[in-house]
2 protein chains.
Amino acid sequence: MREVFQQELHEVQERLVEIATLVADSIDDATRAFNESDVTLAEGVIENDRRIDVLAAELDELAITILARQQPVARDLRIVVSALRISASLERMGDMAEHIAQLARYRFPEKVVPKGLRSTFREMGALDVEIARNLTELLRTQDTDIAEHIRNEDDKVDALHLAVFDKVLGETWKGETVDTVDATLASRYHERFADHAVSIAKKVQYLATGDWA
Amino acid sequence: MREVFQQELHEVQERLVEIATLVADSIDDATRAFNESDVTLAEGVIENDRRIDVLAAELDELAITILARQQPVARDLRIVVSALRISASLERMGDMAEHIAQLARYRFPEKVVPKGLRSTFREMGALDVEIARNLTELLRTQDTDIAEHIRNEDDKVDALHLAVFDKVLGETWKGETVDTVDATLASRYHERFADHAVSIAKKVQYLATGDWA
């Protein structure tokens with residue numbers, strides 16, 4: 001029974017890594033679609049998000065089946081419950097990537113990123129991609145140093161998020177209303193994406209250290 | 001054992017109702033703070049949100065303890081897992097109320113709601129409050145008619161959310177950039193609040209009908 005349980009946990013972990021990989025690909029494509037107004041890439045992200053949703057729902061069913069069949073307790077139980085929560089956060093990260101891609105598609109063939117914010121959004125996008133790749137690695141290896149790194153990168157995303165508002169609300173801002181709306185939403189989506197990654201990283205850290213704060 | 005389990009499930013339900021009641025109070029105060037630029041009310045909401053977070057975390061611990069001690073299967077297991085997910089959504093609804101309150105506080109003593117959008121935001125706020133009150137009732141009674149009602153009210157919120165963008169991006173919009181930013185964020189928070197309520201309503205519906213789509 002114990003051995004079966006370990007195999008099932010391994011299956012859960014592999015599926016989390018698989019979903020995280022898809023999420024990382026999504027944010028990579030979404031931020032490129034957004035920064036380069038690539039509508040084909042954007043449509044791929046929107047399509048891809050359905051697959052993420054299905055895989056997350058399937059993983060949830062697997063986790064519930066494990067709870068029913070294996071009746072885990074203590075740390076084992078927490079691992080399975082955490083998998084449910086991590087899957088929910090990954091699914092939301094996929095949604096954020098989709099929202100960013102949708103901004104690119106709505107405005108096509110106009111440039112979606114307002115002048116004066118191009119380098120900021122490139123930087124935010126690169127950080128989100130890095131965070132997502134790191135998250136995949138964290139789920140694969142449970143190396144808590146990676147969790148720390150994700151938190152640090154998230155601080156940079158938060159700083160850029162504030163910088164977007166400073167820019168938009170500053171005296172030199174020449175954007176149209178549509179630019180202001182796009183910048184506000186895009187910045188929020190980038191920031192939320194990284195927040196979800198931090199929330200997953202914390203759960204992995206707790207599991208690794210046993211420190212359920 | 002079975003009787004203890006029923007008592008514990010009842011305890012879970014009561015706590016969900018308690019948290020939902022606090023969330024309903026929060027959105028009521030937050031939308032009033034936002035529409036009337038009442039900074040004291042806004043600060044109360046921000047304070048109140050910490051209590052919601054603590055209660056949600058405590059409920060999660062209770063649910064995990066029940067899983068460990070009672071080892072529920074089938075529908076009983078799904079009820080406990082659903083409680084974990086409902087608590088996560090309620091916690092997010094509290095966050096949305098807090099974000100709306102924060103907008104009111106940041107702009108104080110300026111009016112936060114831009115001219116031309118006052119009646120729209122009043123309507124959105126009233127819908128969110130109604131949805132939250134209905135959600136509390138749904139969690140108390142498991143009456144699936146209420147779940148249907150919440151979905152219908154959410155459609156109205158979505159329509160108002162689109163109306164905000166139509167207004168802001170329309171030719172008659174005279175708002176400053178700060179008004180555009182506020183309207184964009186506030187509208188998104190109102191819409192997300194209602195979305196979370198729908199997601200909870202669906203879970204209660206599934207539990208009541210056994211239809212796990």
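Per chain, numbering begins at 1; letters A, B, ... match sequence-line order.
From Leu185(A), atom CG reaches atom OG of Ser187(B) across 9.0 Å, with rounding to the nearest 0.5 Å. Atom NE2 of residue His99(A) and atom CZ of residue Arg188(B) lie 4.5 Å apart, to the nearest 0.5 angstrom. Taking OG1 from Thr177(B) and NZ from Lys167(A), the interatomic distance works out to 12.5 Å, rounded to the nearest 0.5 Å. Rounding to the nearest 0.5 angstrom, the gap separating the CG atom in Asp182(A) from the OG1 atom in Thr180(B) is 11.5 Å.
Heavy atoms closer than 4.5 Å to chain B are found in the side chain of Val81(A), but not in its backbone.
Salt bridge absent: Arg85(A) and Glu91(B) never bring a charged side-chain N and a carboxylate O closer than 4.0 Å.
Enclosure of atom CZ in Arg51(A) is not indicated, since only 12 or fewer non-hydrogen atoms of other residues, nucleotides or ligands lie within 6.0 angstrom. Atom CZ of Arg50(A) has 12 or fewer heavy atoms from other residues, nucleotides or ligands within 6.0 Å. Heavy-atom contacts from other residues, nucleotides or ligands closer than 6.0 Å to CD of Glu176(B) number 12 or fewer.
Taking chain A as the reference chain and counting heavy-atom pairs below 4.5 Å, the highest number among Leu67(B), Asp76(B), Val181(B) is found for Val181(B).
Looking at every heavy atom in both residues, Ala68(B) comes nearest to Val73(A) through O-CG1, 3.7 Å.
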